[in-house]
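For reference, the structure is listed below as structure tokens.
Just so we're on the same page: letters track the sequence lines, and every chain starts at 1.
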There are 2 protein chains.
Amino acid sequence: MLKENRKKYHHGDLKAALVEAGLAELEEKGLESVSLRSIAARVGVSHTAPKNHFDGLRGLLTAMATDGFRRHAAEMQRGVEDHPPGKARLDAACNGYLRFALENPELFKLMFTSRFHLSDDDALKQAGWASYSVLRDVAHGLDWDKAGAPGGPWRTEWMLWSLVHGYAMLLIDGEIRREDDGAPPFRMDEIMPGFGYFPDVIDNRPKPFQGQRRGED
Amino acid sequence: MLKENRKKYHHGDLKAALVEAGLAELEEKGLESVSLRSIAARVGVSHTAPKNHFDGLRGLLTAMATDGFRRHAAEMQRGVEDHPPGKARLDAACNGYLRFALENPELFKLMFTSRFHLSDDDALKQAGWASYSVLRDVAHGLDWDKAGAPGGPWRTEWMLWSLVHGYAMLLIDGEIRREDDGAPPFRMDEIMPGFGYFPDVIDNRPKPFQGQRRGED
DNA sequence: CCTCCATATTTCCAATGTAAATTTTTCTTC
DNA sequence: GAAGAAAAATTTACATTGGAAATATGGAGG
């Protein structure tokens, strides 16, 4: 029972404070320089204090990545609701995806680098799936994803996801050079292909695809 | 003056041996576990010996990434030469891209993670560009990249690159689950969109890609 | 007030990357 | 060929890191 909304045991809500401090350190110093000790020092506790709340450094990074996925989803959702289903909504979601990645590059890389976190963490998986679902739902409203499309819905989703994710990654890593003001050279709607299918694929339809499961549920 | 074809100073060609050992350590233990000391130990020299040949750990990783880009290019080029320009050649190049990524996941991640290497290294930049050029050249032979395509050649290249790269990344990170035998759920030619352009983009353009939108019009 | 227990600290340790000084081997020059 | 110069590699040392173990702290419930 908390007497105030802040003070609890010794520090207060150290768990949340560590995640917040970790995110700040992350964008300030970069993924290579975040350390348990620097994060703990920022909060003002000893470097072993996080042990009571997280499973080591990777546990803390996992919580940070989970928070990242939630923000990521929110960033996509932001523009989605303003547009009716269709191309405009797709663009809005993709722009959100890209915007988040470019504004939080270190966090974005952390989210998608399994070596830094505990990939089988339940909260992380759930947040990751929720984030992906925003994109997925938008894609399902498009005409090139109508029932009967070869490969089923997974193919369309992953095609779209791969494109957006790859574009974000290449921009973050500097493989594709950005404009002087930091903007990508092409907007999402400019770099979005029609996502139609090559004639030979259409002709051979229906193709049997079966292995289309992801995290499930 | 080398008395034999390899023996030079004390060890011989330590520089190449370190790169080779580093690549072995990389795929065996993963990117998080490679260390200067473990690589040096594998070669049988002290942990400070690499200092004479590389600029610290990042220098060594840079050399490894450079080697990775060369192999990457070779893997793409392998299938390209067997096919005439067109969709088949595109598939071959993309399959090479993907195959390399899935067979050398740790090296692939190293290549595209600027924080681990010295991004402004000349050899690295050149090898990276050479690798990209394989994909670029193939893309330029396609009909949806003919002169007049909106956005110019860069747009087409980056659209294609983003898709392949994103698919590879999502597979490596486990975001898109692979088959039990390790194969991706969709082959490259299955997940390749027509890369035509959305109507609102192409309507005022001379060269739309025919058959881009499946079944509807 | 007193005990319990989650929380946090202190202390310690192995591993890492890097720098400096030193030793060993090879090359160059006479 | 010998001596000195240069290159290569080792030894030693150090600051940082993540983590383990033992200890101290302070609020909750009796």
Side-chain angles (χ1 to χ4, degrees), chain A residues 1-22 25-26 28-65 106 110 113 115-118 121, chain B residues 1-22 25-26 28-65 106 110 113 115-118 121:
Chain A
M1 214 180 275
L2 317 104
K3 352 190 75 170
E4 309 190 356
N5 56 351
R6 283 258 142 229
K7 294 295 177 188
K8 206 164 69 173
Y9 286 100
H10 302 72
H11 168 276
D13 197 354
L14 180 56
K15 188 166 186 174
L18 284 171
V19 171
E20 188 183 1
E25 285 276 304
L26 183 61
E28 280 178 23
K29 308 210 231 167
L31 187 45
E32 72 275 27
S33 298
V34 291
S35 68
L36 252 182
R37 292 172 116 101
S38 67
I39 296 175
R42 175 184 277 255
V43 177
V45 297
S46 72
H47 77 282
T48 51
K51 188 92 183 221
N52 296 300
H53 303 279
F54 302 102
D55 183 10
L57 173 61
R58 297 187 63 167
L60 175 51
L61 292 176
T62 301
M64 289 162 56
E106 301 292 331
L110 168 63
T113 305
R115 119 186 56 104
F116 286 128
H117 52 238
L118 311 165
D121 179 83
Chain B
M1 230 175 270
L2 314 113
K3 0 189 70 170
E4 308 195 353
N5 54 351
R6 274 291 128 208
K7 291 296 178 191
K8 209 163 65 172
Y9 290 102
H10 303 72
H11 168 276
D13 199 353
L14 181 56
K15 189 165 185 174
L18 284 170
V19 171
E20 187 184 2
E25 285 277 303
L26 183 61
E28 279 176 24
K29 307 209 231 167
L31 187 46
E32 73 274 26
S33 297
V34 292
S35 67
L36 252 182
R37 293 172 115 102
S38 66
I39 296 175
R42 174 182 279 255
V43 176
V45 296
S46 73
H47 74 282
T48 50
K51 187 92 181 211
N52 295 301
H53 303 279
F54 301 102
D55 185 10
L57 173 61
R58 297 187 63 168
L60 175 50
L61 292 176
T62 301
M64 289 161 56
E106 302 292 330
L110 168 62
T113 306
R115 118 187 57 102
F116 285 129
H117 52 238
L118 311 165
D121 179 84

Discussion item. Pairs counted only when both distances fall under 3.5 Å, Watson-Crick or G-U: show me the 5' to 3' dot-bracket for DNA chain D, [ ] for pseudoknotted crossings and | for other-strand partners.
Written reply: ||||||||||||||||||||||||||||||
Could you tell me the separation between the [atom1] atom of [X] and the [atom2] atom of [N], rounded to a whole number of Å?
X: B:Asn52; N: C:dG17; atom1: CG; atom2: P; answer: 17 Å
X: A:Phe54; N: C:dA6; atom1: CZ; atom2: P; answer: 18 Å
X: B:Asp13; N: D:dA8; atom1: CG; atom2: P; answer: 11 Å
X: B:Leu18; N: D:dA8; atom1: CG; atom2: P; answer: 12 Å

Item to complete: Under the salt bridge (charged side-chain N to carboxylate O under 4.0 Å, His left out) rule, collect the residues that match up with B:Arg42, sequence neighbours excluded.
Response: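 Counting only residues at least two positions away or on another chain, B:Arg42 forms a salt bridge (charged side-chain N to carboxylate O under 4.0 Å, His left out) with B:Glu25, B:Glu28.
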Could I get the full list of side-chain contact (heavy atoms from CB on, under 4.5 Å) partners for [X], not counting sequence neighbours?
X: B:Leu36; result: B:Pro50, B:Leu57, B:Leu60
X: A:Ser35; result: A:Arg37, A:Ser38
X: B:Thr48; result: B:Ser46

Worksheet item: If you measure from OG1 on A:Thr113 to CG on A:Leu31, what distance do you get to the nearest 0.5 Å?
Response: 6.5 Å
Worksheet item: What's the spacing between B:Leu110 CG and B:Met64 CE if we round to 0.5 Å?
Response: 5.5 Å
Item to complete: Using a 4.0 Å cut-off on protein heavy atoms (strictly under), produce a 5'-to-3' string for nucleotides 14-19 of chain D with B for base contact, S for backbone-only sugar-phosphate contact, and - for none.
Response: ---BBB
Discussion item. Please check: side-chain N/O of A:Glu106 versus main-chain N/O of A:Gly30, any donor-acceptor pairing under 3.5 Å?
Written reply: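 No, A:Glu106 side chain to A:Gly30 backbone: no donor-acceptor pair under 3.5 Å.
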Discussion item. Go through it in stages, so that I can follow the logic: the residues are B:Phe54 and B:Thr62, the test is side-chain contact (heavy atoms from CB on, under 4.5 Å), and I'd like the CA-CA distance, side-chain angles, deciding distance and then a yes or no.
Written reply: CA-CA 9 Å; B:Phe54 301 102; B:Thr62 301; over 6 Å; no
